[in-house]
Student: 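I'd like to ask you about the structure that follows.
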Amino acid sequence: MQKLTITRPDDWHLHLRDGEALKAVLPHSARQFARAIVMPNLKPPIRSVIEAAAYRERILAAIPSDQQFEPLMTLYLTDNTSPEEIVKAKASKFVKAVKYYPAGATTNSASGVTDIRKCDRVFATMEQEDLPLLLHGEVTNTDVDVFDREKVFIETHLIPLVSRFPKLRVVLEHITTSEAAQFVLNASSNIAATITPQHLLFSRNTLFKGGIRPHYYCLPILKREKHRLALIQAATSGNPKFFLGTDSAPHARNTKEHSCGCAGCYSALHAMELYAEAFESVDALNKLEAFASFYGPDFYQLPRNTEKITLAKQTWRIPDEVPFINTGLVPLRAGEEMSWQMMEP
Ligand code: DOR
Ligand code: ZN
């Protein structure tokens with residue numbers, strides 16, 4: 001296949017940041033995607049509908065005049081989120097989901113939830129209002145090995161949660177393990193998952209290939225090859241429970257190449273090309289459109305896009321760096337060649 005034309009995709013998990021960083025990264029996402037679920041882990045986080053409305057306006061103002069893009073907003077769940085805020089969020093129409101971060105799990109998660117059961121009143125209201133819950137599915141207990149944190153979250157928190165709230169719509173975000181894929185597969189139809197390009201393309205070996213490679217460090221961390229293969233299988237299976245979410249998470253070069261580097265891979269520049277390579281590796285390019293463009297909007301009960309994009313089989317080199325705040329931003333697989341390229345309209 002030399003050209004692949006598909007319905008314009010959406011990104012169901014994206015970090016856009018704010019201010020100058022937002023202005024630097026937004027055009028990359030808007031070039032590839034029509035819409036994105038925007039993560040609320042700013043400093044301070046987006047905890048209320050009022051804050052989400054203001055952030056949404058800042059995003060809209062940052063869209064270049066020759067591009068179109070629709071930000072779909074989320075609220076950051078804390079121990080103090082009220083059921084009333086959930087009702088307001090649903091009524092706003094522009095808040096599409098609520099994001100759960102376990103306190104301390106990842107970037108800007110200090111105000112996250114300390115005990116998931118503290119949020120049961122909020123979950124009951126979300127179930128009633130039919131507002132999806134997006135999970136960073138990792139435990140943070142220091143006695144749990146970092147490679148087991150997703151699996152332990154499923155066993156100790158997620159299984160009980162879905163049995164307490166069987167009708168709650170849940171997205172297990174950026175899944176990284178065969179256990180997560182299996183859980184979602186066996187769960188009811190209101191439970192789905194997003195999968196990132198890095199977890200489809202790389203195993204944890206890549207993190208240490210020839211030395212420590214901070215630009216491959218994200219959370220949840222890359223896992224063993226057998227897990228990558230399970231994710232490839234899930235993404236290319238044609239099952240509508242699995243859809244695209246890049247988790248593109250920009251951090252300036254100096255904060256990644258650091259003695260205590262930040263978690264996050266930057267893929268907004270070339271997300272569709274990365275996914276195309278992953279799908280092509282198992283001869284499943286014919287499954288890419290539904291994964292990227294159909295199953296997400298179906299889950300979120302939004303219309304599918306009607307515009308098209310085209311990917312062409314042509315070699316190009318990913319830049320070493322793109323402009324960002326202070327020091328530049330290093331994209332995933334910087335400096336390497338890619339075999340697919342998105343064509344300009
Ligand atoms: O790698 C990650 N980066 N994982 C997250 O959960 C957060 C994200 C970020 O905001 O940088
Ligand atoms: Zn994320």
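In each ligand, atom 1 is the first atom listed, and ligand 1 is the first ligand listed. Residue indices begin at 1 and follow the sequence shown.
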Student: Can you tell me which residue and heavy atom of the protein come closest to atom 3 (N) of ligand 1, and the distance to 0.1 Å?
Tutor: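 That would be Ala263 O, 3.0 Å.
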Student: Is the Lys NZ or Arg CZ of Lys151 less than 6.0 Å from the centre of Phe153's six-membered ring, within 45° of the axis?
Tutor: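 No, Lys151 does not sit over the ring of Phe153.
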Student: Of the protein's non-hydrogen atoms, which lies at the shortest distance from atom 5 (C) of ligand 1, and what is that distance?
Tutor: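 Closest protein heavy atom to atom 5 (C) of ligand 1: Thr106 OG1, 3.0 Å.
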Student: Ion pair present between Arg333 and Glu277, side-chain N to carboxylate O less than 4.0 angstrom?
Tutor: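 Result for this pair is yes, salt bridge flagged.
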Student: Closer than 4.0 angstrom, basic N to acidic O: yes or no for Arg317 and Glu336?
Tutor: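 The answer is no: the pair does not qualify as a salt bridge.
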Student: Are any of the N/O atoms in Cys218 less than 3.5 Å from those in ligand 1?
Tutor: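 No - when backbone and side-chain N and O of Cys218 are compared with those of ligand 1, no distance drops under 3.5 Å.
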Student: Please enumerate all residues that pass salt bridge (Lys or Arg N to Asp or Glu O under 4.0 Å) together with Asp10, with sequence neighbours excluded.
Tutor: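 In terms of salt bridge (Lys or Arg N to Asp or Glu O under 4.0 Å), with neighbours along the sequence ignored, Asp10 is linked to Arg35.
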Student: Between Tyr275 and Phe291 (judged by ring centroids, cut-off 6.0 Å), do the two rings come close enough to count as a pair?
Tutor: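 Yes; Phe291 has its ring centre under 6.0 Å from that of Tyr275.
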Student: For the residue pair Phe69 and Phe33, is the inter-centroid distance of their aromatic rings smaller than 6.0 Å?
Tutor: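 That pair fails the under 6.0 Å test.
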Student: Below 4.0 angstrom from a heavy atom of Ala249, which ligand 1 atoms are there? Numbered from 1 as shown, please.
Tutor: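 The atoms of ligand 1 under 4.0 Å from a heavy atom of Ala249 are 3 (N), 8 (C), 9 (C), 11 (O).
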Student: Answer yes or no for Arg47 and Tyr76: cation-pi contact, defined as NZ/CZ to six-membered ring centre under 6.0 Å and angle to ring axis within 45°.
Tutor: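 No cation-pi geometry.
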Student: Phe147 ring centre to Arg204 NZ or CZ under 6.0 Å, with the angle to the axis within 45°?
Tutor: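 Yes, Arg204 lies over the aromatic ring of Phe147.
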Student: Can you give the donor-acceptor pairs under 3.5 Å from side chains of residues 192-202 to other protein atoms, not counting sequence neighbours?
Tutor:
| from | atom 1 | to | atom 2 | distance (Å) |
| --- | --- | --- | --- | --- |
| Thr194 | OG1 | Glu173 | OE1 | 3.0 |
| Thr194 | OG1 | His174 | N | 3.0 |
| Thr196 | OG1 | Gln198 | N | 3.4 |
| Thr196 | OG1 | Gln198 | OE1 | 3.4 |
| Thr196 | OG1 | His199 | N | 3.0 |
| Thr196 | OG1 | His199 | ND1 | 2.7 |
| His199 | NE2 | Pro220 | O | 2.9 |

Student: For Phe165, what residues pass the ring pair (Phe, Tyr, Trp, His ring centres under 6.0 Å) criterion, not counting sequence neighbours?
Tutor: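 Once residues adjacent in sequence are excluded, the partners of Phe165 under the ring pair (Phe, Tyr, Trp, His ring centres under 6.0 Å) criterion are Phe123.
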Student: With a cut-off of 4.0 Å, which atoms of ligand 1 are near a heavy atom of His251?
Tutor: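 Taking each heavy atom of His251 in turn, ligand 1 has 9 (C), 11 (O) under 4.0 Å.
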Student: With a 4.0 Å cut-off on heavy atoms, is Met39 touching ligand 1?
Tutor: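 Under 4.0 Å: no for Met39.
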Student: At a cut-off of 2.8 Å, list the protein N/O/S atoms near the Zn ion (ligand 2), residue plus atom name.
Tutor: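 Near the Zn ion (ligand 2), below 2.8 Å, one finds His13 NE2, His15 NE2, Asp247 OD1.
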Student: Of the backbone atoms (N, CA, C, O) and the side-chain heavy atoms from C-beta on, which set of Arg17 has a member under 4.0 Å from an atom of ligand 1: side chain, backbone, both, or neither?
Tutor: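 It is the side chain that gets close, since no backbone atom is under 4.0 Å.
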Student: Only heavy atoms of His136, strictly under 4.0 Å: list the atoms of ligand 1 that pass.
Tutor: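 Within the 4.0 Å cut-off of His136, ligand 1 contributes 6 (O).
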Student: Between Glu307 and Arg8, does any side-chain N to carboxylate O distance fall below 4.0 Å?
Tutor: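 Looking at Glu307 and Arg8, the cut-off is met.
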Student: Within the structure, does Tyr101 bring an N/O atom to less than 3.5 angstrom of an N/O atom in ligand 1?
Tutor: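 N/O-N/O distance below 3.5 Å does not exist for this pair.
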Student: Looking only at non-hydrogen atoms, which of Leu219, Asn41, Thr255 approaches atom 10 (O) of ligand 1 most closely?
Tutor: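 The residue whose heavy atom sits nearest atom 10 (O) of ligand 1 is Asn41.
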